[in-house]
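Notes to accompany the following structure.
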Amino acid sequence: KQEVTQIPAALSVPEGENLVLNCSFTDSAIYNLQWFRQDPGKGLTSLLLIQSSQREQTSGRLNASLDKSSGRSTLYIAASQPGDSATYLCAVLDAGNMLTFGGGTRLMVKP
Amino acid sequence: NAGVMQNPRHLVRRRGQEARLRCSPMKGHSHVYWYRQLPEEGLKFMVYLQKENIIDESGMPKERFSAEFPKEGPSILRIQQVVRGDSAAYFCASSPLQATNTGELFFGEGSRLTVL
């Protein structure tokens with residue numbers, strides 16, 4: 001059974017810092033890995049999707065990497081802003097069409 | 001092309017009542033997934049359905065919970081005799097084919113159930 005873990009569970013940083021969120025998964029037989037953003041009381045916003053054959057994806061100040069063999073992904077946020085404050089969720093899609101989520105990292109960026 | 005539509009967005013029920021949550025997938029999508037998010041937790045898979053078929057219900061509690069996706073109309077997640085522990089956000093996602101064919105699921109805004 002796939003298990004996805006996100007570290008840290010919560011993070012508070014001053015505005016402008018570069019930061020890294022970590023995601024690990026136990027079964028490396030995945031189709032893709034996706035990072036989502038969730039604001040309090042809201043739905044999910046897809047940020048980046050990395051196919052299993054890819055090593056990284058970039059969108060603006062966000063960069064996500066994938067090391068499938070070691071079961072790890074990182075989400076790098078450059079020059080963080082207060083508007084980046086949210087919960088970030090990592091999810092992996094496996095061969096059973098199952099999308100398994102991590103517990104999330106709650107990010108607070110202070111002005 | 002409207003996204004995945006869930007309703008109601010907020011639902012309040014008293015213990016013992018029934019809750020019905022509806023999900024209309026994106027146009028052309030025939031695969032629906034339901035997830036539950038308890039307070040301060042990640043999303044947990046509940047059930048995966050295609051039109052008129054339950055494909056995987058391994059995450060669904062054995063009692064009181066049921067799901068359907070009829071040939072016509074939205075997918076329904078039904079919770080009978082709700083208890084306070086059922087209070088959560090319930091998210092629906094859809095895909096046009098098997099998720100592993102397209103690589104992506106599209107999520108709705110969620111239905112937030114509060115049991116008093």
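Predicted, not measured: the structure shown is a model, and the values here were computed from it. Here is the naming used below: chain letters follow the sequence lines, and residue numbers restart at 1 for every chain.
The choice from B/Leu43, B/Asp56, B/Ile55 that makes the most heavy-atom pairs within less than 4.5 Å of chain A is B/Leu43. Options B/Gln37, B/Lys44, B/Glu41, B/Arg9 differ in how many heavy-atom pairs under 4.5 Å they form with chain A, and the most are formed by B/Gln37. Between chain B and the residues A/Ser46, A/Gly41, A/Ala91, A/Ala9, the most heavy-atom pairs under 4.5 angstrom are made by A/Gly41.
Residues A/Phe36 and A/Phe25 do not share a hydrophobic cluster, defined by chaining ILVMFWY side chains whose heavy atoms lie under 4.5 Å apart. Criterion: ILVMFWY side-chain heavy atoms under 4.5 Å apart, direct or through other members. Under it, B/Met5 and B/Ile76 are not part of a common hydrophobic cluster. Clustering ILVMFWY residues whenever any of their side-chain heavy atoms sit less than 4.5 angstrom apart, transitively, puts B/Tyr33 in the very cluster that holds A/Phe101. Cluster membership for A/Leu49 and A/Ile30, using ILVMFWY side-chain heavy atoms within less than 4.5 angstrom, is not shared.
Residue A/Met98 comes nearest to B/Ser58 through the heavy atom pair CE-OG, 4.4 Å, listed as atom of the first residue, atom of the second, then distance. Shown here for A/Lys42 and B/Phe91, the closest heavy-atom pair between the two residues is O-CZ, 3.7 Å.
Contacts of A/Thr45 with chain B are absent, with no heavy-atom separation under 4.5 Å from either backbone or side chain. For A/Leu99, the parts lying under 4.5 angstrom from a heavy atom of chain B are both the backbone and the side chain.
Rounded to the nearest 0.5 angstrom, A/Leu93 CG and B/Leu105 CG are separated by 7.0 Å. The structure places CG of A/Leu44 at 10.0 Å from OH of B/Tyr35, a figure rounded to the nearest 0.5 Å. A distance of 10.0 Å separates CZ in B/Phe107 from CD in A/Gln38, rounded to the nearest 0.5 Å.
The number of heavy atoms from other shown groups lying within 6.0 Å of CZ (B/Arg22) is above 12. Residue-environment remark: CD (A/Gln81) exceeds the threshold of 12 foreign heavy atoms within 6.0 Å. Heavy atoms from other residues, nucleotides or ligands lying under 6.0 Å from CZ of B/Arg15 number 12 at most.
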